[in-house]
Amino acid sequence: MEDLQREIAAAAVFEDDLGDGNAPAFGPDAVAIDDPFDLTEGVPGPERGDAFESTLETFGSDESSSSSGAAPPVVVGIDQAFLEDAVVSAIVALQGGRIVERTHAVSPLSIPYIPGLLAFREGGPILDALATLSVDPDLAVFDGSGRIHFRQAGIATHVGVALDLPSVGVAKSLLCGTPDADVDERPAGWSTPIRADGHVESPEGTTDDVAGTVIGHAFQSRQYPNSRRVNPLYVSPGHRVSATTTVAIVDALCAGYKLPEPTRLADAYADAVKRSIGDS
DNA sequence: GCGACAG
DNA sequence: ATCTTGTCGC
């Protein structure tokens, strides 16, 4: 398994290569979400807005369809909720700040959770859920690390490379690596690099040739004025994104809460699905 | 033996 | 991840 992760790390692109053969590359501002979604009554379903509905671009659609140019990128948030021996993988797709689709899959679990091997336990189930998605995602936001991983192949990188889909990892705690600066009690918007240390290997399996490389960042997405302190997020490139852009993207995806909206929505949706299975 | 660690 | 009420503070 570790060798496979080294191969994945070697195939991963930790540089900006967003966009698609059809759709043009995009930046953080193209995926920005200004207002947080109201989850008091559950995760809102797909909208039927008049902005850009399911316009199945018909043939010969150069760039003349709309005056505003191409449609915004589709960002999918992915999160899971666990049952006895199965897992609910939920996906919420956003485009232009609106929910365009939400799906889920329930898959059996075989491998236990082992630090560093998370993708082997949750990767398959996530692919199951992604297979039920009808829209084509341009970016995936994962719950867990990307490049911040012993072999630089966290779940965001693992799945991102498998599908050759741009992806970022958003973890709530640090798996490995060392922050440049002390991470405690920082103001919202603050961030510091996380560098490879003795626990991080290069695809060749060595540790000294990567030491010092920036593999991600600690990012303070939210902070309270006086009271309780909020821990920072640990964000890292999954695939086809640089560490710097990853921070900018996650920042743009946050709308007032600690977690970026896509993950916050997927998290709530996964819980909702789990409950609907439990009491039925 | 110690370190020691995403979800 | 998950088990779970109250509780501190704006």
Side-chain angles (χ1 to χ4, degrees), chain A residues 1-2 5 8-9 12 77-91 104 106-129 140-160 167-179 183 185 188 194-201 207 215-219 221-239 243 246 250 256-260 262-264 266-275 277-279:
Chain A
M1 298 175 117
E2 273 120 14
Q5 295 188 316
I8 289 171
I78 305 170
D79 193 37
Q80 300 165 305
F82 296 79
L83 272 36
E84 307 244 4
D85 267 2
V87 57
V88 175
S89 301
I91 298 178
H104 70 87
V106 180
S107 319
L109 286 173
S110 47
I111 301 174
Y113 165 68
I114 299 172
L117 301 180
L118 179 69
F120 291 100
R121 171 182 167 80
E122 308 183 352
I126 286 176
L127 291 178
D128 291 341
V141 181
F142 287 85
D143 217 55
S145 294
R147 192 180 188 182
I148 293 181
H149 178 273
F150 306 127
R151 290 163 291 282
Q152 301 188 59
I155 192 162
T157 301
H158 201 125
V159 178
S167 62
V168 297
V170 178
K172 301 180 215 60
S173 57
L174 189 58
L175 176 60
C176 58
T178 306
V183 154
E185 299 177 52
I194 298 294
R195 314 188 106 96
D197 55 20
H199 296 295
V200 182
E201 300 180 359
T207 187
I215 55 178
H217 294 265
F219 171 59
S221 58
R222 180 184 193 186
Q223 193 53 280
Y224 295 121
N226 312 302
S227 72
R228 215 170 80 192
R229 38 182 269 189
V230 179
N231 292 127
L233 248 27
Y234 293 92
V235 306
S236 57
H239 181 46
T246 295
V250 174
Y257 288 86
K258 174 174 180 173
L259 295 176
T263 16
R264 201 179 139 247
D267 180 65
Y269 187 47
D271 279 331
V273 173
K274 177 185 177 179
R275 291 185 324 176
I277 291 178
D279 50 56

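Protein chains get the first letters and strands the later ones, always in sequence-line order, with residue 1 at the start of each. Only this structure's heavy atoms are used, side chains among them; waters, hydrogens and symmetry mates stay out.
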List, with names and distances, any nitrogen or oxygen atoms from the protein found under 3.5 Å away from nitrogen or oxygen atoms belonging to nucleotides 3-5 of chain B.
residue : atom : partner   : partner atom : Å
dC5(B)  : O4'  : Leu175(A) : O            : 3.3

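- Contact record, Thr207(A) with Gly198(A): OG1-O, 3.2 Å, taken as the closest heavy-atom pair.
- The two residues Gly238(A) and Ala12(A) have their closest heavy-atom pair at O-CB, 4.5 Å.
- Computed from coordinates, the His217(A) NE2 to dA6(B) C1' distance equals 18 Å when rounded to whole Å.
- Residue Glu122(A) contributes atom CD, which lies 5 Å from atom C1' of dG7(B) at whole-angstrom precision.
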Secondary-structure notation, DNA chain B, from Watson-Crick and G-U pairs under 3.5 angstrom (| other strand):
.......
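- Among the heavy atoms of the strands, none lies under 4.0 Å from Ile148(A).
- Here Ile126(A) lies out of heavy-atom contact (under 4.0 Å) with every strand.
- The shortest distance between side-chain heavy atoms of Pro260(A) and Leu233(A) falls below 4.5 Å.
- In this model, the phosphate group of dA6(B) is not approached by any side-chain N or O of Lys172(A) to a distance below 4.0 Å at OP1 or OP2.
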Pairs under 3.5 angstrom only: tabulate donor-acceptor contacts from the side chains of residues 83-91 of chain A to other protein residues two or more places apart or in another chain.
residue  : atom : partner   : partner atom : Å
Ser89(A) : OG   : Gln80(A)  : NE2          : 3.1
Ser89(A) : OG   : Pro125(A) : O            : 3.4

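- Across all non-hydrogen atoms, the minimal contact from Leu174(A) to Gly177(A) is CD2-O, 3.6 Å.
- Residue Ile111(A) contributes atom CD1, which lies 16 Å from atom C1' of dA6(B) at whole-angstrom precision.
- For Gln223(A) and dG9(C), the CD to P distance is 16 Å, given to the nearest whole Å.
- Across the protein-nucleic acid pair, Asp267(A) atom CG and dG7(B) atom P stand 11 Å apart, rounded to whole Å.
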Decide yes or no on side-chain contact (heavy atoms from CB on, under 4.5 Å) for Thr178(A) and Arg195(A), but give the supporting numbers first.
CA-CA 5 Å; Thr178(A) 306; Arg195(A) 314 188 106 96; 5.5 Å; no
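- Here the P atom of nucleotide dA6(B) and the CE atom of Met1(A) are 17 Å apart, to the nearest Å.
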Carefully, step by step, assess Val183(A) and Tyr234(A) under the rule side-chain contact (heavy atoms from CB on, under 4.5 Å).
CA-CA 11 Å; Val183(A) 154; Tyr234(A) 293 92; 3.7 Å; yes
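- Listed by first then second residue, pairs satisfying side chain to side chain donor-acceptor pair (under 3.5 Å) with a partner in residues 109-126 of chain A number zero, not counting sequence neighbours.
- Taking every heavy atom of both residues into account, Ile194(A) and Cys176(A) meet most closely at CG2-O, 4.0 Å.
- Between Arg275(A) atom CZ and dT4(C) atom P the separation is 15 Å, expressed in whole Å.
- Exactly one residue among Leu259(A), Val168(A), Val235(A) makes a side chain to side chain contact (heavy atoms under 4.5 Å, CB included) with Val141(A). That residue is Val168(A).
- Contact check, Lys274(A) against dA1(C): no side-chain N or O comes under 4.0 Å of OP1 or OP2.
- In plain terms, the two heavy atoms of Phe142(A) and Ser167(A) that are nearest each other are CE1-CB, 3.7 Å.
- Look at NE2 on His158(A): it is 18 Å from P on dA6(B), rounded to the nearest Å.
- Remark: Ala81(A), Phe82(A) in residues 78-88 of chain A come within less than 4.0 Å of DNA chain C through at least one heavy atom.
- Here the side chains of Asp267(A) and Asp143(A) are not in contact, with every heavy-atom distance at 4.5 Å or above.
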For the pair Ile111(A) and Met1(A), evaluate side-chain contact (heavy atoms from CB on, under 4.5 Å) and give the outcome as yes or no after the intermediate values.
CA-CA 12 Å; Ile111(A) 301 174; Met1(A) 298 175 117; 4.0 Å; yes
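- Between Gly216(A) and Pro237(A), the shortest heavy-atom distance links the atoms CA-CD, 4.4 Å.
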Per-nucleotide pairing state of DNA chain C [Watson-Crick or G-U, under 3.5 Å; [ ] pseudoknot-crossing; | other strand]:
..........
